Amino acid sequence: MRRPWLVIFLSLLLLWLLVTQLNHYLAVWRVYLFAGGLFVTYAALQLPLRSGLTASLLAGLLCDANSPVPPGTHLLLFAAAHAVVFHLRDRIPRDQTLTRVIIALLANLALFLVFSFVLIGLSPAPAVIWPRLIFDLVCSQVFIALVAPWFFALQTRALELAATGRRSRY
């Protein structure tokens, strides 16, 4: 398969659509789900550096387009998270679903905290925001723990289908 990053990016586009729609419905209760760890984990653990980084960077651009953050924030943080996970992948059993979920949870925690510290300075009352941020973080982590096995299976199957579809043409 020549372009695995495209298959992974299309699955990340689906994830982005699902998370934004879910956040739209949860806005009534003032809950925000952040799934940044899911956007980088599979690509960093399974794809070569160039393909995986391409998918993560495109996902960062996609998330930047919909967020009220300075342009390039998601792009840079997703690239940094991808690089860290990619360099750790040879030291962990990356083919196990539980390991992937734990890596996604840790990456999401790190990304959420960095986003919080970067953007907390823009708030007029930073101390008031922390309880809500902690609640959003807990909700986001539960969401990732529940959705990650399905999403990783979807990405694995999409890569398999793309590879067999390419072989069947010849």
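All of these numbers come straight from a predicted model, not from anything done at the bench. Atom set for the values below is all heavy atoms of this structure, side chains included, hydrogens, waters and symmetry mates excluded.
Residues P70 and L119 are in side-chain contact: their nearest non-hydrogen atoms beyond the backbone lie under 4.5 Å apart. I120 has its side chain within reach of W130: a pair of non-hydrogen atoms, C-beta onward, lies under 4.5 Å apart. Using a 4.5 Å heavy-atom threshold, the side chains of Q46 and D95 count as touching.
A distance of 9.5 Å separates OG of S116 from CD1 of I134, quoted to the nearest 0.5 Å. With values rounded to the nearest 0.5 angstrom, L77 atom CG is found 13.0 Å from F112 atom CZ. To the nearest 0.5 angstrom, L58 atom CG is 9.0 Å from L75 atom CG. The CD1 atom of I103 sits 7.0 Å away from the OG1 atom of T99 when rounded to the nearest 0.5 Å. For the atom pair CG of L47 and CG of L53, the computed distance is 10.5 Å after rounding to the nearest 0.5 Å. Annotation: the span from Y32 atom OH to L133 atom CG amounts to 11.0 Å, rounded to 0.5 Å.
A continuous path of hydrophobic side-chain contacts links L137 to F117 [ILVMFWY only; heavy atoms under 4.5 Å]. Hydrophobic clustering of Ile, Leu, Val, Met, Phe, Trp and Tyr side chains at less than 4.5 Å, counting indirect connections, unites I144 with L14. Taken together through direct or relayed side-chain contacts under 4.5 Å among Ile, Leu, Val, Met, Phe, Trp and Tyr, F143 and W29 form part of one hydrophobic cluster. Cluster annotation: F86 and V114 are assigned to distinct hydrophobic clusters (Ile/Leu/Val/Met/Phe/Trp/Tyr, side-chain heavy-atom contacts under 4.5 Å, transitive). Both L15 and V7 are part of a single hydrophobic cluster, where members link through side-chain heavy atoms under 4.5 Å apart.
Between the side chain of R89 and the main chain of R94, no donor-acceptor pair closer than 3.5 Å is present. Using a distance-only test at 3.5 Å, with no hydrogens or angles considered, no donor-acceptor pair links the side chain of R30 to the main chain of L26.
Every pair passing side chain to side chain donor-acceptor pair (under 3.5 Å) that includes a residue from residues 5-20 is listed here, sequence neighbours excluded: S11-Q155. Pairs of residues two or more places apart, or lying in two chains, that qualify as side chain to side chain donor-acceptor pair (under 3.5 Å) and include a residue from residues 51-77 are S56-H82, D64-H74.
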Would you tabulate the side-chain donor-acceptor contacts of residues 33-42 under 3.5 Å, counting partners in other chains and residues two or more places apart, or write 'none'?
unit_1	atom_1	unit_2	atom_2	d
T41	OG1	G37	O	2.5
Y42	OH	T156	OG1	3.0

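Remark: L106 pairs with I102 by the side-chain contact (heavy atoms from CB on, under 4.5 Å) rule, at least two apart or across chains. Legend: residues meeting side chain to side chain donor-acceptor pair (under 3.5 Å) with R157, ordered by chain and number and at least two apart, are E160. Not counting sequence neighbours, the partners of Q141 by the side chain to side chain donor-acceptor pair (under 3.5 Å) test are N108.
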List the steps, then state whether side chain to side chain contact (heavy atoms under 4.5 Å, CB included) holds for V69 with V118. CA-CA 10 Å; V69 295; V118 166; over 6 Å; no

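Taking a 6.0 Å sphere around CH2 of W150, one finds it holds more than 12 heavy atoms contributed by other residues, nucleotides or ligands.
In plain terms, the two heavy atoms of C63 and F78 that are nearest each other are SG-CE2, 3.9 Å. A104 and F152 make their closest contact through CB-CZ, 4.0 Å (heavy atoms, listed as atom of the first residue, atom of the second, distance). Nearest heavy atoms, A55 versus L12: O-CD1, 3.8 Å.
Exactly one residue among L45, I92, L105 makes a side-chain contact (heavy atoms from CB on, under 4.5 Å) with R100. That residue is L45.
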